[in-house]
Amino acid sequence: MRMRTLLTLTAAVAALGLTAPASAADTPVLTTADGAAVAVGDVLDASLASGTAATFYSSATGTSGISCTSSAFAATVTDNPAAPGTATESLTSHSFDTSGCTANVVGVLGVSGITVDNLPYTTSVSSDGTVSVTPGAGSAIQSTVRLRTLLGTINCVYRAPSLTGTASNADNSISFTNQQFTKASGSSLCFANAFFTAKYSPVTKGGVAVNVN
């Protein structure tokens, strides 16, 4: 009888030893703050971090260009493997409310529109916090900026092959710093390069903050 009890206890301990690592290994790259896994098909969204602005400056160190206090994105999760790993999303919406945009470019009176073209983009988020945004095959990440000038509205088209950002669990944010776009078309009032900087926080799913594991 005692032998049977010992065997049963040993089997139970062995089972616990096997199941605990398996459970840990099943933790996906993306989870909500309450510990729930983010599922394929879930939509993640975020607006600019409070008190910050999205900027398109003409140089990486300057302050001449465009500043917007309202911007948001939405992305649908397409893969969320076990951590450590890389989750992927389809960025379906990225908008700027130009009522909160200002420009300090000589000859420019204001901003009438900023459109993110060629959507959707593929976004990947790795366990180390690296965020990558890439366009579809044969395409480019592109934004069209419409500026009001004394001579009327002009269109400035900017392109980038990809964007790289950083995800942080400290404030559930995604940040982009001085991501360079190059002018593809537009008048001489359109600066040759646009360096994009923005911080989106918190990234949420259904209003619940999302962590990267």
Chemist: Out of curiosity, does Val105 fall in the hydrophobic cluster containing Phe181 (side-chain heavy atoms, cut-off under 4.5 Å, transitive links)?
Modeler: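 Yes: a chain of side-chain contacts under 4.5 Å links Phe181 to Val105.
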Chemist: Is the shortest heavy-atom distance from the side chain of Thr92 to the side chain of Leu119 under 4.5 Å?
Modeler: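 They are not in side-chain contact.
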Chemist: Under the salt bridge (charged side-chain N to carboxylate O under 4.0 Å, His left out) definition, can you give me all pairs with a residue in residues 48-76, not counting sequence neighbours?
Modeler: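 Qualifying pairs: none.
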Chemist: Is a donor on one side and an acceptor on the other found under 3.5 Å between the side chain of Arg148 and the backbone of Val111?
Modeler: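 Yes; at least one donor-acceptor contact below 3.5 Å.
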Chemist: Throw together a table of side-chain donor-acceptor distances under 3.5 angstrom for residues 34-41, partners on residues two or more places apart or in other chains.
Modeler:
| residue | atom | partner | partner atom | Å |
| --- | --- | --- | --- | --- |
| Asp34 | OD1 | Thr32 | OG1 | 2.3 |
| Asp34 | OD1 | Ala36 | N | 3.3 |

Chemist: With Phe73, which of Val203, Leu48, Val133 fulfils side-chain contact (heavy atoms from CB on, under 4.5 Å)?
Modeler: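 When Val203, Leu48, Val133 are each tested with Phe73, the side-chain contact (heavy atoms from CB on, under 4.5 Å) holds only for Val203.
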Chemist: Quick one, Val29 and Pro81 - any side-chain contact, counting heavy atoms below 4.5 Å?
Modeler: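 Contact flag for Val29/Pro81 side chains = yes.
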Chemist: Could you work out the complete set of other residues in the hydrophobic cluster of Leu109, with links drawn between I, L, V, M, F, W and Y side chains under 4.5 Å apart?
Modeler: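 Leu150, which link up through side-chain heavy atoms under 4.5 Å apart, make up the rest of the cluster.
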Chemist: Can you tell me if Asn80 uses its side chain to pair, donor with acceptor, with the backbone of Thr88 under 3.5 Å?
Modeler: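 Absent.
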Chemist: Does anything in residues 136-175 form a ring-ring contact (aromatic ring centres under 6.0 Å, His included)? List the pairs, not counting sequence neighbours.
Modeler: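 Residue pairs with at least one partner in residues 136-175: Tyr158-Phe191.
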Chemist: Apply the test side chain to side chain contact (heavy atoms under 4.5 Å, CB included) to residues Asn169 and Val212: give CA-CA distance (whole Å), side-chain angles for both, the deciding distance (0.1 Å), then the verdict.
Modeler: CA-CA 7 Å; Asn169 288 341; Val212 179; 4.0 Å; yes
Chemist: Are the side chain of Thr98 and the backbone of Cys101 linked by a donor-acceptor contact shorter than 3.5 Å?
Modeler: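 Answer holds: no.
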Chemist: Transitively linked via ILVMFWY side-chain contacts under 4.5 Å: Leu163 with Val131?
Modeler: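 Both belong to a single hydrophobic cluster.
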Chemist: Heavy atoms only: give me the nearest Ala46-Pro202 pair and the separation to one decimal.
Modeler: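 The pair with the smallest heavy-atom distance is CB-O, 3.5 Å.
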Chemist: Any donor and acceptor pair, going by atom type alone, linking the side chain of Gln179 with main-chain N or O of Thr177 inside 3.5 Å?
Modeler: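 Judged by distance alone, yes, a pair lies under 3.5 Å.
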Chemist: Within the structure provided, determine whether Leu91 and Pro120 are in side-chain contact (heavy-atom separation under 4.5 Å).
Modeler: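 In short, these two side chains do not touch, never coming nearer than 4.5 Å.
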Chemist: Short question: side chain of Thr55, backbone of Tyr57 - any donor-acceptor pair under 3.5 Å?
Modeler: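 Side chain of Thr55 to backbone of Tyr57, a donor-acceptor pair under 3.5 Å: no, none is there.
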Chemist: Mark yes or no for whether Asn104, through its side chain, and Thr63, through its backbone, hold a donor-acceptor pair below 3.5 Å.
Modeler: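 Flag set: sc Asn104 to bb Thr63 pair under 3.5 Å.
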Chemist: Rounded at 0.5 Å granularity, tell me how far CG in Asn178 sits from CZ in Phe195.
Modeler: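 Here the interatomic distance stands at 7.0 Å.
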Chemist: Would you find a donor on one side and an acceptor on the other, under 3.5 Å apart, between the side chain of Ser127 and the backbone of Gly85?
Modeler: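 A pair under 3.5 Å: yes.
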Chemist: Linking I/L/V/M/F/W/Y whenever their side-chain heavy atoms sit closer than 4.5 Å, directly or via other members, would Ile66 and Phe176 fall into one cluster?
Modeler: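 Same cluster.
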Chemist: How many angstroms lie between CD in Glu89 and OH in Tyr121, if you round to the nearest 0.5 Å?
Modeler: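 Spacing of CD (Glu89) from OH (Tyr121) equals 15.5 Å.
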Chemist: Can you pull out every salt bridge (charged side-chain N to carboxylate O under 4.0 Å, His left out) where at least one residue sits in residues 189-206? Sequence neighbours excluded, please.
Modeler: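 Sorted pair list: Asp42-Lys205, Asp171-Lys199.
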Chemist: Ignoring hydrogens, what is the shortest heavy-atom contact between Val125 and Ala167? Give both atom names and the distance.
Modeler: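 Closest approach of Val125 to Ala167, heavy atoms only: CG1-CB, 4.4 Å.
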Chemist: Check whether any side-chain N or O of Thr204 sits under 3.5 Å from a backbone N or O of Gly206 as a donor-acceptor pair, and report yes or no.
Modeler: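 Between the backbone of Gly206 and the side chain of Thr204 there is no qualifying donor-acceptor contact (under 3.5 Å).
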Chemist: Write down the atom of Ser162, the atom of Ile141, and the distance for their closest heavy-atom approach.
Modeler: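 So the minimum-distance heavy-atom pair works out to CA-CD1, 3.7 Å.
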Chemist: Determine whether Ile114 and Cys68 satisfy the following criterion, side chain to side chain contact (heavy atoms under 4.5 Å, CB included), listing intermediate values before the conclusion.
Modeler: CA-CA 10 Å; Ile114 299 176; Cys68 298; 3.7 Å; yes
Chemist: Could you tell me whether a side-chain N or O of Asp79 sits under 3.5 Å from a main-chain N or O of Ala87, the two making a donor and an acceptor?
Modeler: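 A pair under 3.5 Å: no.
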Chemist: Roughly how far, to the nearest 0.5 Å, is CD1 of Ile154 from OG of Ser185?
Modeler: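 Interatomic distance, Ser185 OG to Ile154 CD1, rounded to 0.5 Å: 10.5 Å.
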Chemist: Kindly give the heavy-atom pair with the smallest separation between Ser71 and Tyr200, and that separation in Å.
Modeler: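 That would be OG-OH, 2.8 Å.
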Chemist: Between atom CZ of Arg159 and atom OG of Ser143, what is the distance when rounded to the nearest 0.5 Å?
Modeler: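 Spacing of CZ (Arg159) from OG (Ser143) equals 11.0 Å.
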Chemist: With sequence neighbours left out, write down each residue that passes side-chain contact (heavy atoms from CB on, under 4.5 Å) with Thr122, or none if nothing qualifies.
Modeler: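 side-chain contact (heavy atoms from CB on, under 4.5 Å) check on Thr122 returns Thr134.
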Chemist: If we ignore hydrogens and angles and just use 3.5 Å, is the side chain of Ser126 paired with the main-chain N or O of Asp128 as donor and acceptor?
Modeler: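 Looks like no, no N/O pair under 3.5 Å.
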Chemist: Can you find a pair of side-chain heavy atoms, one from Val106 and one from Val108, that are under 4.5 Å apart?
Modeler: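 They are not in side-chain contact.
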Chemist: Would a line drawn from the ring center of Phe96 to the ring center of Phe56 be shorter than 6.0 Å?
Modeler: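 They qualify: ring centres under 6.0 Å apart.
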Chemist: Check whether the side chains of Thr31 and Asn213 place a donor and an acceptor atom closer than 3.5 Å, and report yes or no.
Modeler: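 The answer is yes; a qualifying pair exists.
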Chemist: Nearest heavy-atom pair of Val208 and Ala33: which atoms, and what distance?
Modeler: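 Nearest pair, atom of Val208 first, then Ala33: CG1-N, 4.0 Å.
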Chemist: Between atom CG of Leu189 and atom SG of Cys156, what is the distance when rounded to the nearest 0.5 Å?
Modeler: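 Rounded to the nearest 0.5 Å, the CG-SG separation comes to 7.5 Å.
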Chemist: Can you tell me how far CD of Gln180 sits from CZ of Phe196, rounded to the nearest 0.5 angstrom?
Modeler: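 Interatomic distance, Phe196 CZ to Gln180 CD, rounded to 0.5 Å: 14.0 Å.
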Chemist: Are Val116 and Leu44 co-members of a hydrophobic cluster defined by side-chain heavy atoms under 4.5 Å apart?
Modeler: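 Yes, Leu44 and Val116 fall within the same hydrophobic cluster.
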Chemist: For residues Ser99 and Asp97, is any side-chain donor paired with an opposing acceptor at under 3.5 Å?
Modeler: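 Per modelled atom types, Ser99 and Asp97 side chains form a pair under 3.5 Å.
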Chemist: Which is it for Asn172 and Ser201 under the side-chain hydrogen bond (donor to acceptor under 3.5 Å, both in side chains) test, yes or no, and what are the steps along the way?
Modeler: CA-CA 6 Å; Asn172 308 104; Ser201 176; over 6 Å; no
